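So the structure is just underneath, and the comments pick up after that.
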Amino acid sequence: MRLDEVDLADNDKFLDGDTPWRMFDVLRAEAPVHWQDEGEYGSGFWSVTRHADIVAVDRDAETFTSTKFTNLEEVDERQATIRRSLLETDGPRHGVLRRILQRQFTPRAIAGYEVFLRGLTARTLDAALAKGTFDFVKEVSADFPINVLAKMLDVPEDDTQQLIDWGNRIIGNTDPDYADVLLHSQESEKYRDLPFRSPASLEVFEYGRELARKRRGGDGTDLVSKLVNEPTADGVPLSERDFDNYFLLLVVAGNETTRHAITHSMRALIDNPGEAERLRRDPSLMPGAVEEFLRWASPVYHFRRTATREVEMHGRRIREGDKVVMWFASGNRDERVFDDPYRFDVTRADNDHITFGKGSPHFCLGNALARLEMRVMFEELLPRISDIRPAGESRRVRSNFVNGIKTLPVTVTLA
């Protein structure tokens with residue numbers, strides 16, 4: 001691929017499993033800080049594609065702020081205020097918002113879910129594997145994390161399909177199979193004040209507010225109870241809008257990313273049966289394998305920042321107000337950091353992936369949960385099957401934001 005063929009603003013280029021990686025390879029080699037035109041959809045952005053540069057941008061919130069928004073959509077100050085979540089907050093207030101739920105997501109707290117997770121995994125796999133041929137996304141990777149989230153939110157299992165649908169409709173706002181209203185359509189202007197310009201956000205807000213109403217003033221330990229009852233460290237309570245946006249972030253982030261990470265990991269094991277066999281023979285490799293799963297999957301392609309001052313990187317002058325996009329997926333294939341980065345290796349040592357961010361104030365709050373979910377899933381799955389093969393074409397989400405697989409038909413042979 002030539003440099004002039006790269007277009008990271010074109011969602012259609014993300015519909016196959018090859019083109020994005022070819023674009024990232026060209027950029028890392030020839031233009032590690034690259035100006036990307038967006039045509040009618042935006043003012044353009046700088047793409048940062050090397051591991052070290054992504055880490056540097058992500059750590060420097062003073063120079064590269066999240067407060068102007070973290071996806072490519074450009075919003076005015078009023079919209080930014082209305083739609084601001086934990087992701088779009090920097091500085092002391094960001095720390096305050098994180099601390100409300102931080103204790104619920106520590107490795108020690110998350111370890112308490114392992115028994116529940118193994119039981120849930122067993123039920124999920126019993127139902128799926130009995131079918132012989134099935135869609136791995138629908139029966140396993142979408143079903144599993146959402147049930148974990150349902151437990152943490154203390155909502156009925158019967159609501160899980162609704163939570164999945166909301167996540168699809170919100171995150172998949174550039175995919176016609178998912179979106180109620182496509183992001184750049186004229187109709188989306190009606191919803192410009194909603195997260196991802198998705199009308200599904202209103203349904204999530206209503207659902208969350210009803211939960212909050214029932215739990216306010218109680219002594220529950222679920223995430224909703226913590227949000228409505230936990231005092232904030234700075235004494236500034238969550239407004240109704242703060243709660244809405246925090247709750248929506250939990251519903252979306254707590255489900256979509258782990259779901260796609262599990263799916264990509266399964267696909268990698270199908271394509272590399274020798275690696276699956278290594279894990280069957282030596283289950284002690286699994287914790288390290290999970291890190292390779294996370295590097296390989298890179299379920300979120302990018303996050304955006306905005307330059308607060310003029311700065312130079314790799315000879316390119318970034319001006320105050322310019323959008324700067326960190327392509328985490330590209331950093332996870334950087335040959336300067338990873339030996340033979342396109343080799344899927346469950347024994348890879350020193351796996352310095354940046355899937356959750358690295359040393360950033362925005363380091364993923366749910367990283368310990370995602371790691372546990374993935375470890376338990378594959379510890380339980382691999383011993384149950386002797387073979388798993390594709391049973392049809394997989395389909396990808398049309399998005400340059402979420403690196404997602406919509407369907408993964410498989411046929412399994414039980415062990």
Side-chain angles (χ1 to χ4, degrees), residues 57-71 75-113 149-155 170 193-196 201-202 204-254 303-306 308-309 356-370:
V57 169
D58 204 17
R59 286 177 171 175
D60 187 358
E62 290 189 4
T63 306
F64 303 101
T65 183
S66 301
T67 61
K68 303 296 183 181
F69 243 54
T70 57
N71 56 29
V75 299
D76 58 33
E77 287 299 323
R78 185 188 62 83
Q79 285 175 281
T81 299
I82 292 170
R83 291 168 56 173
R84 191 176 314 285
S85 75
L86 178 67
L87 292 181
E88 293 86 23
T89 307
D90 284 333
R93 184 61 176 173
H94 176 261
V96 167
L97 294 176
R98 282 180 72 93
R99 281 195 290 276
I100 297 172
L101 296 183
Q102 200 154 23
R103 282 177 293 184
Q104 277 64 49
F105 286 98
T106 63
R108 181 175 180 179
I110 292 302
Y113 286 94
L149 179 66
K151 182 174 179 62
M152 297 184 78
L153 295 173
D154 191 22
V155 300
I170 292 169
D193 291 343
L194 295 176
F196 296 90
S201 299
L202 291 172
V204 175
F205 289 165
E206 183 179 352
Y207 183 84
R209 289 168 187 168
E210 180 62 17
L211 294 176
R213 186 188 64 79
K214 292 177 179 178
R215 296 175 192 177
R216 188 169 283 111
D219 58 0
T221 59
D222 60 275
L223 300 184
V224 175
S225 293
K226 290 293 182 183
L227 285 178
V228 296
N229 296 319
E230 189 88 358
T232 56
D234 62 358
V236 180
L238 292 187
S239 66
E240 183 176 284
R241 185 178 291 158
D242 290 335
F243 173 83
D244 285 345
N245 292 331
Y246 212 140
F247 180 77
L248 184 139
L249 180 62
L250 289 172
V251 168
V252 173
F303 273 110
R304 164 205 162 181
R305 300 290 185 260
T306 302
T308 61
R309 61 180 177 86
F356 296 124
K358 181 185 176 186
S360 162
H362 289 270
F363 185 76
C364 176
L365 192 64
N367 75 89
L369 177 59

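Note that the structure is a prediction, hence the values are computed from the model and not measured.
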(request) Output, in order, the C-alpha distance, side-chain angles, deciding distance and verdict of side chain to side chain contact (heavy atoms under 4.5 Å, CB included) for Glu240 and Asp244. (result) CA-CA 6 Å; Glu240 183 176 284; Asp244 285 345; 4.3 Å; yes
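- For the residue pair Ser85 and Arg83, no side-chain donor N or O sits within less than 3.5 Å of a side-chain acceptor on the partner.
- With a 4.5 Å cut-off on side-chain heavy atoms, Asp234 and Pro92 do not count as touching.
- Summarising the geometry, atom CG belonging to Asp242 is positioned 5.5 Å from atom CZ belonging to Arg93; distances are rounded to the nearest 0.5 Å.
- Rounding to the nearest 0.5 Å gives a distance of 11.5 Å between CZ of Arg99 and CD of Glu230.
- Residues Thr67 and Ala80 come closest through the heavy atom pair O-CB, 4.3 Å.
- The CZ atom of Arg216 sits 10.5 Å away from the CG atom of Leu227 when rounded to the nearest 0.5 Å.
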(request) Quick one: do Tyr113 and Met152 satisfy side chain to side chain contact (heavy atoms under 4.5 Å, CB included)? Show the steps, please. (result) CA-CA 10 Å; Tyr113 286 94; Met152 297 184 78; 3.7 Å; yes
(request) Any chance you could lay out the side chain to side chain contact (heavy atoms under 4.5 Å, CB included) test for Tyr246 and Leu97, step after step, and finish with the verdict? (result) CA-CA 9 Å; Tyr246 212 140; Leu97 294 176; 4.2 Å; yes
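- Summarising the geometry of Asn229 relative to Gly218, their closest heavy-atom pair is ND2-O, 3.4 Å, with the distance given to 0.1 Å.
- Distance check: Phe243 CZ to Arg209 CZ gives 9.0 Å after rounding to the nearest 0.5 Å.
- Note that CZ of Arg98 is 10.5 Å distant from CZ of Phe105, once rounded to the nearest 0.5 Å.
- In this structure, the side chains of Asp222 and Arg215 come closer than 4.5 Å at one or more pairs of heavy atoms.
- If you check the side chains of Asp90 and Thr65, you find a donor sitting under 3.5 Å from an acceptor.
- Across Ala368 and Thr106, no two heavy atoms sit closer than the pair CB-C, 4.5 Å.
- The aromatic rings of Phe356 and Phe363 lie perpendicular to each other, with more than 60° between the two planes, well past the 30° mark.
- Here the rule is side chain to side chain contact (heavy atoms under 4.5 Å, CB included) with Leu250, and of Leu86, Leu223, Val204 only Leu223 fits it.
- Applying the side chain to side chain contact (heavy atoms under 4.5 Å, CB included) test between Phe69 and each of Val75, Thr306, Leu87 identifies Val75 as the sole match.
- Donor-acceptor pairing under 3.5 Å is lacking for the side chains of Thr70 and Arg305.
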(message) Applying side chain to side chain contact (heavy atoms under 4.5 Å, CB included) to Leu153 and Phe247, what does each step give before you reach the verdict?
(response) CA-CA 10 Å; Leu153 295 173; Phe247 180 77; 4.1 Å; yes
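- Looking at Asn367, its side chain does come within 3.5 Å of a backbone N or O of Cys364 through a donor-acceptor pair.
- The two residues His362 and Ser66 come nearest to each other via the heavy atoms NE2-OG, 3.2 Å.
- A distance of 5.0 Å separates CZ in Phe205 from CG in Asn245, rounded to the nearest 0.5 Å.
- Residues Ala233 and Val96 come closest through the heavy atom pair N-CG1, 4.0 Å.
- Taking a cutoff of 4.0 Å between a charged side-chain nitrogen and a carboxylate oxygen, Glu77 and Lys68 qualify as a salt bridge.
- Around CG of Asp219, the count of heavy atoms belonging to other residues, nucleotides or ligands within 6.0 Å does not exceed 12.
- Checking Arg241, Arg78, Arg84 one by one against Asp193, the salt bridge (Lys or Arg N to Asp or Glu O under 4.0 Å) holds for a single residue, Arg78.
- Under a 3.5 Å cut-off, the side chain of Glu210 and the backbone N or O of Tyr207 do not form any donor-acceptor pair.
- Among all heavy-atom pairs drawn from Thr63 and Asp60, the shortest one is OG1-OD2, 2.7 Å.
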